[in-house]
Structure formats: C-alpha cells, structure tokens
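This report refers to the structure that appears directly beneath it.
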Amino acid sequence: MDMIERKIGAVTLIYPVASLVEPVPFHTLFSAAQPLEVELGSGDGSFLAQYAGRQPARNFIGVERLLGRLRKLDRKGLRAGLTNLRVLRIEASYFVEYLLPSESVSALHIYFPDPWPKRKHHKNRLINERFTRLAHRVLAPGGVIYLRTDNVEYFEWMLAAFAGSPQFQAVETPVELRGLVTDFEREFNAQGIPTRHAAYQKQG
C-alpha cells in the first residue's frame, strides 16, 4: 500500500492482497510497529472500529469475505481517522493458514461466526480441532483467542475443540472486551438471546 494511504484522509483502509501464497507484509501497512490483533469475520465492523479507536498502541486487521461489509468497516475506520486499522477481503481460515506469519499476532477475535447448524454442514465451521493448531502457530507467546456466539450448540463445539488442545488454557474475557458489542449482538441481546464468551491463551 502506498504511504499516502497510511495517513489520515486515506482513500481506503482496504489492503489489496498481492499474493495468495506469501505472508502479508504487515510492517508496510502501518506507520508504527505495534502488537497486532486480528478479527476474523468483521461483519459490520461495529466491534473493530470501536476497539481500534480505544487501543491506539495496537494495530488491527479486519478480515471479511463479503465486500459490502468490508466497505462498511472501511468507512467507519476512515471517519474515525484510524491509522492503526487495515481491512482485507479474504476467507478467514485461508488467511490464517497461509498469509499470517508464525507468532505474529497477539490476539485473534472471532465473534458470531456462521454456526452452520445442519450436521452435514459442520465441516464448514471455522472453529474445529484443526483451527486450534493454526491459531497456535500464528499467535505470539501468551497470545489469546477471543470467541463469541449466540448459538448454544456451536459454543459447546468451540469449547470442546479448545479443551482438547493442550496448547491452550481457558482464561477470562476482559470486562472491556465484553462491553464492546456488535450491532448484531445488541439486536440479539434485546430479544433475550445471550452472548456466550470464551477465551483461550496460548501455552508454550
């Protein structure tokens, strides 16, 4: 990305992925070298725009496959003048497996991923045993993965996936993070559907 696009007033915060086989050169995306956090499936961007604004000493990547949602986060980030935020259009699991360098991320955020409720579609879920290994590779020592969902069955599935991995230990989700809700989450909570939280810290 050209240097001018990394300043306030940038035309876009969307980073055009140049290669599908080479790790993303994060050192060229941000003006300051800071801990990096990644949200997989940023949706409408309501969480990440808030969080990046409150954490200027950290850099953030928002990953979203749907272009309309990506552009919405882009607009929110530009309006807020966020120099520590970039957004990428790519499928989340591919991004983690092929484009994130090892031990490059201090936190992964995955909020309300598609639960794929039908049993025959469970294989399409982002969170599974294989994903725990991918997450362990890209997280820096002591890094944490934060999870949220409104789906009870998928939540139990997530817990089972990480409970089965000795490479992670369950930790509490910070109160600050719990307080930053997405628009989607707010609508469901208003209907009496609670949010289920989980967090796991990398071990070793």
Side-chain angles (χ1 to χ4, degrees), residues 1-17 24-90 92 95-96 99-101 104-113 135 138-140 142-150 171-190 195-201:
M1 180 177 291
D2 190 87
M3 178 64 73
I4 195 172
E5 292 187 351
R6 289 191 268 121
K7 297 178 180 179
I8 297 296
V11 175
T12 181
L13 298 177
I14 299 174
Y15 172 74
V17 178
V24 174
F26 294 111
H27 63 282
T28 68
L29 303 191
F30 302 98
S31 57
Q34 303 179 141
L36 177 67
E37 300 194 19
V38 174
E39 184 182 24
L40 300 175
S42 295
D44 61 13
S46 50
F47 164 77
L48 196 56
Q50 292 181 79
Y51 192 44
R54 296 188 184 189
Q55 300 287 337
R58 292 177 175 269
N59 292 329
F60 295 89
I61 292 287
V63 176
E64 177 55 57
R65 182 176 57 83
L66 299 178
L67 183 58
R69 292 178 177 178
L70 193 76
R71 287 173 173 166
K72 193 170 185 178
L73 174 55
D74 184 35
R75 291 193 297 269
K76 289 181 177 181
L78 290 173
R79 283 197 299 267
L82 300 178
T83 60
N84 62 335
L85 172 65
R86 296 293 174 268
V87 293
L88 283 73
R89 186 187 184 193
I90 196 165
F95 176 72
V96 174
L99 302 186
L100 273 180
S104 62
V105 179
S106 63
L108 287 170
H109 301 266
I110 305 175
Y111 301 150
F112 303 95
V138 302
L139 283 169
V144 182
I145 181 167
Y146 297 102
L147 306 169
R148 294 185 200 178
T149 182
D150 61 301
V171 295
E172 290 294 321
T173 300
V175 173
E176 178 188 18
L177 280 181
R178 285 177 174 266
L180 292 175
V181 300
T182 71
D183 290 348
F184 173 86
E185 183 177 4
R186 189 175 292 107
E187 290 178 6
F188 274 71
N189 291 169
T195 299
R196 291 163 174 83
H197 299 262
Y200 293 89
Q201 186 173 44

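For the numbers below, each heavy atom of this structure counts, side chains included, while hydrogens, waters and symmetry mates do not. For the single chain, residues carry numbers from 1 onward in sequence order.
- Using a distance-only test at 3.5 Å, with no hydrogens or angles considered, a donor-acceptor pair links the side chain of N84 to the main chain of A52.
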Start with the C-alpha distance between V105 and V96, add both sets of side-chain angles, then the distance that settles side-chain contact (heavy atoms from CB on, under 4.5 Å), and finish with yes or no.
CA-CA 10 Å; V105 179; V96 174; over 6 Å; no
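- Of all heavy-atom pairs between A92 and L40, the closest is CB-CB, 4.0 Å.
- Across I61, L99, L70, L13, a single residue satisfies side-chain contact (heavy atoms from CB on, under 4.5 Å) together with L88, and that is I61.
- Atom CZ of R196 is surrounded by more than 12 heavy atoms from other residues, nucleotides or ligands within 6.0 Å.
- Scanning all heavy atoms of the two residues, the minimum distance from A57 to P35 falls at O-CD, 3.6 Å.
- Under the 4.5 Å side-chain criterion, counting only non-hydrogen atoms from C-beta, F26 is not in contact with N59.
- Exactly one residue among F188, F184, F47 makes a ring pair (Phe, Tyr, Trp, His ring centres under 6.0 Å) with Y111. That residue is F47.
- Here the shortest heavy-atom pairing between P101 and S104 reads O-OG, 2.7 Å.
- Between V24 and F95 the shortest side-chain heavy-atom distance falls below 4.5 Å.
- To the nearest 0.5 Å, the span separating OG1 on T173 from CZ on R148 amounts to 7.5 Å.
- Using a 4.5 Å heavy-atom threshold, the side chains of L177 and H197 count as separate.
- A donor-acceptor pair under 3.5 Å is absent between the side-chain atoms of E37 and the main chain of F60, judged by distance alone.
- Note that the CZ atom of R89 and the CD1 atom of I14 stand 9.0 Å from one another [nearest 0.5 Å].
- Atom CG of D74 and atom OG of S42 lie 11.5 Å apart (nearest 0.5 Å).
- Expressed to the nearest 0.5 Å, how far CD1 of I145 lies from CG of L139 amounts to 6.5 Å.
- Between the side chain of E176 and the main chain of Y51, no donor-acceptor pair closer than 3.5 Å is present.
- Here the shortest heavy-atom pairing between V181 and S46 reads O-OG, 4.4 Å.
- Using a 30° and 60° split on the angle between ring planes, H109 and Y146 fall in the parallel class, below 30°.
- A distance of 12.5 Å separates CG of L29 from OG1 of T83, quoted to the nearest 0.5 Å.
- Looking at residues two or more places apart in sequence or on another chain, you find no side chain to side chain donor-acceptor pair (under 3.5 Å) involving T149.
- Side-chain atoms of V87 and E64, non-hydrogen and from C-beta on, never get closer than 4.5 Å to each other.
- No donor-acceptor pair closer than 3.5 Å links the side chain of K76 to the backbone N or O of L48.
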For the pair T195 and N189, evaluate side chain to side chain donor-acceptor pair (under 3.5 Å) and give the outcome as yes or no after the intermediate values.
CA-CA 7 Å; T195 299; N189 291 169; 3.3 Å; yes
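- Residues L82 and A49 share a closest heavy-atom pair of CD1-O, 3.7 Å.
- How far CG of L147 is from OH of Y200: 7.0 Å, rounded to the nearest 0.5 Å.
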